[in-house]
Amino acid sequence: MKHESTMKRLSAVGAIGVASVLALSACGSTSGGTEAESGIDRLNIIVPADPGGGWDQTGRAMQKDLQDNDLVGNASVVNVGGAGGTNGLAQLATEQDPNTLMVMGYVMVGAVETNAAQTRIEDTTPIARLTEEPLIVVVPADSPFQSIDDLLSAVEKDGQGVSITGGSAGGADHILAGQMLKEAGIAPDSLNYIPYSGGGESLAALLGNKVSAGISGVGEYAEQVKAGKLRALAVSGAEPAALLPDVPTLTDEGVDLVLTNWRGVVAPGTIDEAKAAELTELVTEMSETEAWQTTLETNAWDDAFLAGEEFDAFLTEDIAAVKTTLTEIGLL
């Protein structure tokens, strides 16, 4: 989503937000240090996960691109791992600095429900959705399953004798597994899902033939697919993935299902409308830079930018959909 002008960019945050951002732009920075174009000299970025995963990669890419483009004077990243991101969500609820963003996404939506988290995404201030990435379903190279139909037929026949691994329980990988069974008319209690905290662990289980199949982001398994150590059965996007363009989509394979793992940022729920508008404008400016477009290409992330009220509406719909899915697959 590209924005042609400042006024068009500001339309997503509403009329009050537009006035606030214009006023802030006119005033400039009000604190010491290097003056940034946005008027924000210092920005805190909370990554609600341990270093190395997709949220961490997103947070550190934002840190670099914001600073390299002089959009902020200084950006710092702090990792708060555990519980599918809900530990970081709880920390955001107590954050006193209004110049704070937290990376989050689809996985957190499910984790809030499965962990019965006291702090919810609805308690934050939505800022922007940034990226999305399709998931991929793979099997070990010597697996007898040559297609998604083979895998689902085996689950229908053998039930929990067929194991599928992926990320944390209730996350995007788990939800995709449950939805594939639903679309195939297979009972949800047939699913034997083995969760791991990271893609590396699930990859080891696949390469060691300890599980029947695996689900993760395309980037997690792409190199092993290219090396012939894993066989890709399908990707979950509406179109083939750029990293593996020859792998069919689930829809191509007759499974009427599209699911992408999106990532975005939210701010503390205590900030006022003017600060929300300022942070939204900051992230919007970043999303338009050449540096961020290069970041998207390098990481094979699809540009899924959505800001302000539109992102808020998207979140509301997504939370409701995830609740329904988690109930249907027996996690709620």
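Of all non-hydrogen atoms in Met108 and Pro48, the two that sit nearest each other are CE-CG, 3.7 Å. The nearest pair of heavy atoms linking Ala117 to Thr86 is CB-CG2, 3.9 Å. Taking both residues in full, the closest heavy atoms of Met104 and Phe311 are given as SD-CZ, 4.3 Å, listed atom of the first, atom of the second, then distance. The minimum heavy-atom distance between Ser212 and Pro140, with the atom names listed, is O-CD, 3.5 Å. Contact record, Ala172 with Val107: N-CG2, 4.1 Å, taken as the closest heavy-atom pair. Smallest separation of non-hydrogen atoms from Asn44 and Asp97: ND2-OD2, 2.9 Å.
You'll find the side chain of Leu92 reaches within 4.5 Å of the side chain of Thr100, heavy atoms only. Side-chain contact between Asn69 and Met286: absent, with no pair of heavy atoms (C-beta onward) separated by less than 4.5 Å. A 4.5 Å side-chain heavy-atom check between Leu279 and Ile40 finds at least one atom pair inside the cut-off. With a 4.5 Å cut-off on side-chain heavy atoms, Val225 and Val218 do not count as touching. No side-chain heavy atom of Leu101 sits less than 4.5 Å from a side-chain heavy atom of Ile46. Two residues are said to be in side-chain contact when any heavy atoms from C-beta on lie closer than 4.5 Å; Thr284 and Phe305 meet this criterion. Between Leu43 and Met62 the shortest side-chain heavy-atom distance does not fall below 4.5 Å. Here the side chains of Val112 and Leu89 are in contact, with some heavy-atom distance below 4.5 Å.
The line from OG1 of Thr295 to NZ of Lys64 is 7.0 Å long, rounded to the nearest 0.5 Å. Rounding to the nearest 0.5 Å gives a distance of 6.5 Å between CG of Asp173 and CD1 of Ile215. For the atom pair Asn261 CG and Leu259 CG, the distance stands at 8.0 Å (nearest 0.5 Å). Within the model, atoms OG1 of Thr270 and CD of Gln96 stand 7.0 Å from one another, a figure rounded to the nearest 0.5 Å. Within the model, atoms OG1 of Thr114 and CG of Leu331 stand 7.0 Å from one another, a figure rounded to the nearest 0.5 Å. One distance of note links CH2 of Trp301 with CG of Leu296; it measures 7.5 Å at 0.5 Å rounding.
With 3.5 Å as the limit, one finds no donor-acceptor pair spanning the side chains of Glu156 and Ser190. At a cut-off of 3.5 Å, with distance as the only test, a side-chain donor of Asn79 or Asp56 sits close to an acceptor on the other residue. Between the side chains of Tyr221 and Ser202, at least one donor-acceptor pair of N or O atoms lies under 3.5 Å.
Here the side chain of Gln63 pairs a donor or acceptor atom with the backbone of Ala75 at under 3.5 angstrom. The backbone N or O of Leu71 sits nowhere less than 3.5 Å from a side-chain atom of Glu285 that would complete a donor-acceptor pair. Using a distance-only test at 3.5 Å, with no hydrogens or angles considered, a donor-acceptor pair links the side chain of Thr124 to the main chain of Ile121. In this structure, the side chain of Asp158 does not engage the main chain of Gly161 through any donor-acceptor pair within 3.5 Å. Judged by distance alone, the side chain of Ser147 and the main-chain N or O of Asp150 form a donor-acceptor pair under 3.5 Å. Between the side chain of Asp318 and the backbone N or O of Phe314, no donor-acceptor pair lies under 3.5 Å. With Thr165 contributing its side chain and Ile194 its backbone, the two residues share a donor-acceptor pair below 3.5 Å. Between the side chain of Asn87 and the backbone N or O of Gly81, at least one donor-acceptor pair lies under 3.5 Å. With hydrogens and angles disregarded, no donor-acceptor distance shorter than 3.5 Å links the side chain of Asp312 to the backbone of Pro126. Formation of a donor-acceptor pair under 3.5 Å by the Asn192 side chain with backbone atoms of Gln160 is found in this model.
Counting non-hydrogen atoms of other residues, nucleotides and ligands closer than 6.0 Å to CD of Gln146 gives a total above 12. With a 6.0 Å radius and a threshold of 12 heavy atoms from other residues, nucleotides or ligands, Glu297 has its CD atom at or below the threshold.
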Legend entry - Evaluation steps, salt bridge (charged side-chain N to carboxylate O under 4.0 Å, His left out), between Glu113 and Arg120: CA-CA 9 Å; Glu113 305 301 336; Arg120 298 182 55 83; 2.7 Å; yes
Inset, instruction - Could you walk me through whether Leu66 and Leu282 pass the side-chain contact (heavy atoms from CB on, under 4.5 Å) test, one step at a time? - result: CA-CA 9 Å; Leu66 285 166; Leu282 172 67; 3.8 Å; yes
Inset, instruction - Please test Thr131 against Asp303 for side chain to side chain donor-acceptor pair (under 3.5 Å), starting from the C-alpha separation and ending with a verdict. - result: CA-CA 5 Å; Thr131 66; Asp303 191 347; over 6 Å; no
Legend entry - Full working for side-chain contact (heavy atoms from CB on, under 4.5 Å) between Val265 and Ile45: CA-CA 9 Å; Val265 287; Ile45 300 174; over 6 Å; no
Legend entry - Test side-chain contact (heavy atoms from CB on, under 4.5 Å) applied to Leu181 and Val155, step by step: CA-CA 8 Å; Leu181 267 61; Val155 174; 4.0 Å; yes
Inset, instruction - Test Thr260 against Glu133 for side-chain contact (heavy atoms from CB on, under 4.5 Å), laying out the working first. - result: CA-CA 5 Å; Thr260 56; Glu133 179 187 24; over 6 Å; no
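When the side chains of ILVMFWY residues are joined at heavy-atom separations under 4.5 Å, either directly or via intervening members, Leu257 and Val137 end up in a single hydrophobic cluster.
Here Glu223 pairs with Lys226 under the side-chain contact (heavy atoms from CB on, under 4.5 Å) rule; sequence neighbours left out.
Here Lys182 pairs with Glu328 in a salt bridge; the nearest charged N to carboxylate O distance falls below 4.0 Å. A salt bridge does not link Asp142 to Arg231: none of the charged side-chain nitrogens sits closer than 4.0 Å to a carboxylate oxygen. Taking a cutoff of 4.0 Å between a charged side-chain nitrogen and a carboxylate oxygen, Arg129 and Glu310 do not qualify as a salt bridge.
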Could you list the donor-acceptor pairs under 3.5 angstrom formed between side-chain atoms of residues 244-253 and any protein atom two or more places apart in sequence or on another chain?
residue	atom	partner	partner atom	Å
Thr249	OG1	Thr251	N	3.4
Thr249	OG1	Asp252	N	2.9
Thr249	OG1	Asp252	OD1	3.4
Thr249	OG1	Asp252	OD2	3.1
Asp252	OD2	Thr249	N	3.1

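Note: Tyr106 and Trp262 have perpendicular aromatic rings, judged against thresholds of 30 and 60 degrees for the angle between ring planes.
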